[in-house]
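From a predicted model like this one, the values you see are computed outputs, not experimental measurements.
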Amino acid sequence: MSLDTAPEEVKLAVDLIMLLEQNQLSPRVVLEALEIVRKDYIAKLKNEQPLSAAD
């Protein structure tokens, strides 16, 4: 499978990995930052309004 046809989450993961590797951050710092991001996005999911049938 090429990256062009990969799911959006795979494309994003590849972009994030490249960005993190280019910045030469320690794995510990990366994982701690990703945990903060994960918690933030979980909170955003909980606050999303479900789409109604009219939308």
**Student:** Please enumerate all residues that pass side-chain contact (heavy atoms from CB on, under 4.5 Å) together with N23, with sequence neighbours excluded.
**Tutor:**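 With sequence neighbours excluded, N23 shows a side-chain contact (heavy atoms from CB on, under 4.5 Å) to L19, L25, given in chain and number order.
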**Student:** Taking salt bridge (charged side-chain N to carboxylate O under 4.0 Å, His left out) as the definition, give me every residue that meets it alongside E8, ordered by chain and number, with sequence neighbours left out.
**Tutor:** K11
**Student:** Please list all pairs passing the salt bridge (Lys or Arg N to Asp or Glu O under 4.0 Å) test where one or both residues lie in residues 30-44, with sequence neighbours left out.
**Tutor:** E35-R38, D40-K44
**Student:** Mind checking who shares a hydrophobic cluster with I17, ILVMFWY linked at side-chain heavy-atom distances under 4.5 Å?
**Tutor:** none
**Student:** So which residues get pulled into L12's cluster when ILVMFWY side chains under 4.5 Å apart are joined, directly or through others?
**Tutor:**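 L16, which link up through side-chain heavy atoms under 4.5 Å apart, make up the rest of the cluster.
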**Student:** Transitive ILVMFWY cluster of V37 at side-chain heavy atoms under 4.5 Å: who else is in it?
**Tutor:** Y41
**Student:** Just how far is it from atom CD of Q24 to atom CD of Q22, taken to the nearest 0.5 Å?
**Tutor:**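 Result: 9.5 Å between the selected atoms.
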